[in-house]
There are 2 protein chains.
Amino acid sequence: MKSNVTMRDIAVKLGVSSVTVSKALNDKEGVSEELKLKIKDLAEEMGYRFNVMAKSMKEGCSYNIGVIIPERFTGEDQSFYLKFYQHITKMLERYNYYGILQILPTNDEEKLILPRTYYENKVDGFVILGQVSSEYIDLLTEHEIPKVLLDFYTDHSEVDSIVTDNFYGVYELTNYLIKNGHREIAFIGNIHSTSSIQDRYLGYYKSLLEHKIPLNTNYIINDRDERGKYIDLELPEQLPTAFVCNCDQVGFNLINKLISLNYSIPDDCSVVGFDNDIYSTLSNPPLTTVQVDTEEMAKVAVKFLIEKIKDKNKSYGRVLIKGKIIHRDSVKTVSKEGHVSDLSSQI
Amino acid sequence: MKSNVTMRDIAVKLGVSSVTVSKALNDKEGVSEELKLKIKDLAEEMGYRFNVMAKSMKEGCSYNIGVIIPERFTGEDQSFYLKFYQHITKMLERYNYYGILQILPTNDEEKLILPRTYYENKVDGFVILGQVSSEYIDLLTEHEIPKVLLDFYTDHSEVDSIVTDNFYGVYELTNYLIKNGHREIAFIGNIHSTSSIQDRYLGYYKSLLEHKIPLNTNYIINDRDERGKYIDLELPEQLPTAFVCNCDQVGFNLINKLISLNYSIPDDCSVVGFDNDIYSTLSNPPLTTVQVDTEEMAKVAVKFLIEKIKDKNKSYGRVLIKGKIIHRDSVKTVSKEGHVSDLSSQI
DNA sequence: CTGAAAGCGCTTACAG
DNA sequence: CTGAAAGCGCTTACAG
């Protein structure tokens, strides 16, 4: 993609003035229909992108609106992505940049329509926050737009992305359960849906492998359909002593279900989650879970993006940021309940 | 406040060139310390604001970063303010504007420091989303910055603000409870904290007045301290038949507390909330509540702001946007339980 | 240490 | 219908 086609470039190619190009592109009076069409066609062909900033300068109007949210309204129990966005904003400030939040409509994503900010030269790069189709990522790559994926990655390992270390997080969490005497451990999550869930599952599996605990397929429980909608959990006939849930929300759902079946948590079985979001504190008991280090992730994402803007050749690939186990009240030690010998024979 | 002081203005006043002013203001080589100071002082005195856009144009770098969030990650159970922001963004697009989300640090709010976007001419106006101190609002007013308050208002009625109709919403909700036979109705909320809660309380009170139900001060229950932190609810010795909670979160807390005291909802008493946020669906049973029309509010806010940017003299004052009652399972009709005669005598 | 000139990419107002 | 000129506010590179 050509990077900086201007009205003048178009004008020169057509042997007209840039004033005429401006008029044509803005559908103003004073250009013959024929010439107007020619100009528009060439503009498209040359990959022309309007420069709002120049217009802004002329008009003394920035075409930006600042939306202010007081800090105290963005506390603990707010949305995960808002928290991310907030950290991104904070990091950007250090570089004298501003963040423009754009909700990418599903339709634009499917039809592969780039954000208007790109066409108007409003931004120098993008942070993609949350899994977008790989076709869309490819599109951004083709246009050579500096970008960093945050909280997900694609199968192209050369695309720079910052993700939490899902694998390691659940691996540690499962180790922790095993250290507390659990050996019947189930995993809840659709292991075919997102890469995050898959990685979390593999972390769980690795921990089992390392402790020579066989993988029990009855203990792999689906939690959502292909569209990501939560389904009713089908619990195995014999309950495990612990559940590793792929996220806090499912942990929350599971605890409610178990309670409604008259089980007591963590006495009858332990439950752990992932994310340390609002659901981990709403369940009763609150969930032991893994806290994603959103601040560090945002920091790294911004740093990388700015570097890439300065130097197009910079590349970082996939970067994993470790999370941290948050201990709450949903896990019980079961070492005294018959599994002791099994455990000790393992050590 | 002067609106458009440029480097040239400063240069002319000092009888130097604008190049020198540029160097001085950017702390670059080639200006004597003495002159540099003079220029900086005059700049401050004249209320000079740097124009990033001009710099941007020169450098071909917008100094904006687009943060993309796919639509499907901003669904139902996300934060209230993110939803607002999303609607604002969508509305702004219609006017070819972009929103820059800024978290206003509490420190800047207290020290009355304006957002940097203002000093850099990055924005044409502000949507203030969430209660900011009235001193801060006054500051914005003094600087003649176009602004609209969203989701709160100040005591200056001439400041344009868009709020949900708290008064009418709770009034309707209380009417609904009374229509269902309730006469012992408590209100939960700190009626001295925010204007929203106060208005909701007054809506409750008006409904009681209209139905000739005396206000029982034992039925006004505080839910938070001066800092807005939730406190343990002190329930009256004799439980009312219904609770009007100032927000869903408190409704959620109340239901949990009542259940832990072995009450059954809505059989033993009904509970209603306000906001229709995540807490209204997390409680068991889910809460009957009032849905705030965030989309309409954002729409009106943006429309007003754009009008005000075009014409500084436009003024709208406080605008109330009506919400909508969402019926769920936390209310029971009690007309057959002894209050029937009272009720009918009223009608 | 100081500044005249040129340019970033566009638009407006005017002349042909 | 078409375009030369000037300007939006700043900065860079060069000359004095």
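Chain identifiers are assigned alphabetically (A, B, ...) following the order of the sequence lines, protein sequences preceding nucleic acid strands; residue numbering begins at 1 within each chain.
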Starting at atom [atom1] of [X], determine the distance to atom [atom2] of [N], rounded to an integer number of angstrom.
X	N	atom1	atom2	answer
A/Glu29	D/dG3	CD	P	17 Å
A/Asn26	C/dT11	CG	C1'	9 Å
A/Ile39	C/dC10	CD1	P	13 Å
B/Leu35	C/dT2	CG	C1'	9 Å
B/Met7	D/dT12	CE	P	10 Å
A/Arg8	C/dT11	CZ	P	13 Å
B/Ile10	C/dT2	CD1	C1'	17 Å
B/Lys55	C/dG7	NZ	C1'	17 Å

Original post:
Salt-bridged, B/Lys36 to B/Asp41, with N to O below 4.0 Å?
Top reply: no
Counting only side-chain N and O atoms of [X], is one of them less than 4.0 Å from OP1 or OP2 of [N]?
X	N	result
B/Thr20	C/dG3	yes
B/Ser32	C/dT2	yes
B/Ser22	D/dG9	no
A/Ser17	D/dG3	yes

Original post:
Is A/Lys28 touching bases, backbone alone, or none of the nucleic acid, heavy atoms closer than 4.0 Å?
Top reply: sugar-phosphate
What nucleotide among [options] has an atom nearest to a side-chain atom of [X]?
X	options	answer
A/Met57	C/dG9, D/dA13, D/dG7	C/dG9
A/Lys58	C/dG3, D/dG7, D/dC10	D/dG7
B/Ala54	D/dG9, C/dA4, C/dT2	D/dG9

**OP:** Might you work through the salt bridge (charged side-chain N to carboxylate O under 4.0 Å, His left out) test for A/Asp293 and A/Lys299, ending with a clear yes or no?
**Re:** CA-CA 10 Å; A/Asp293 193 344; A/Lys299 186 172 160 184; over 6 Å; no
Original post:
Rounded to the nearest 0.5 Å, how far apart are CD of A/Glu307 and CG of A/Asp160?
Top reply: 11.5 Å
Original post:
Any idea which heavy atoms bring A/Ala54 and B/Met57 closest together, and the distance?
Top reply: CA-SD, 3.4 Å
Subject >> Shortest non-hydrogen separation from A/Leu92 to A/Tyr98 and the atoms involved >> reply: CD1-C, 3.9 Å
**OP:** Look at the side chain of A/Lys23 and the base of D/dG3, then say whether one donor and one acceptor between them are separated by less than 3.5 Å.
**Re:** yes
Subject >> Pairing nucleotide - C/dG3, Watson-Crick or G-U, each distance under 3.5 Å >> reply: D/dC14
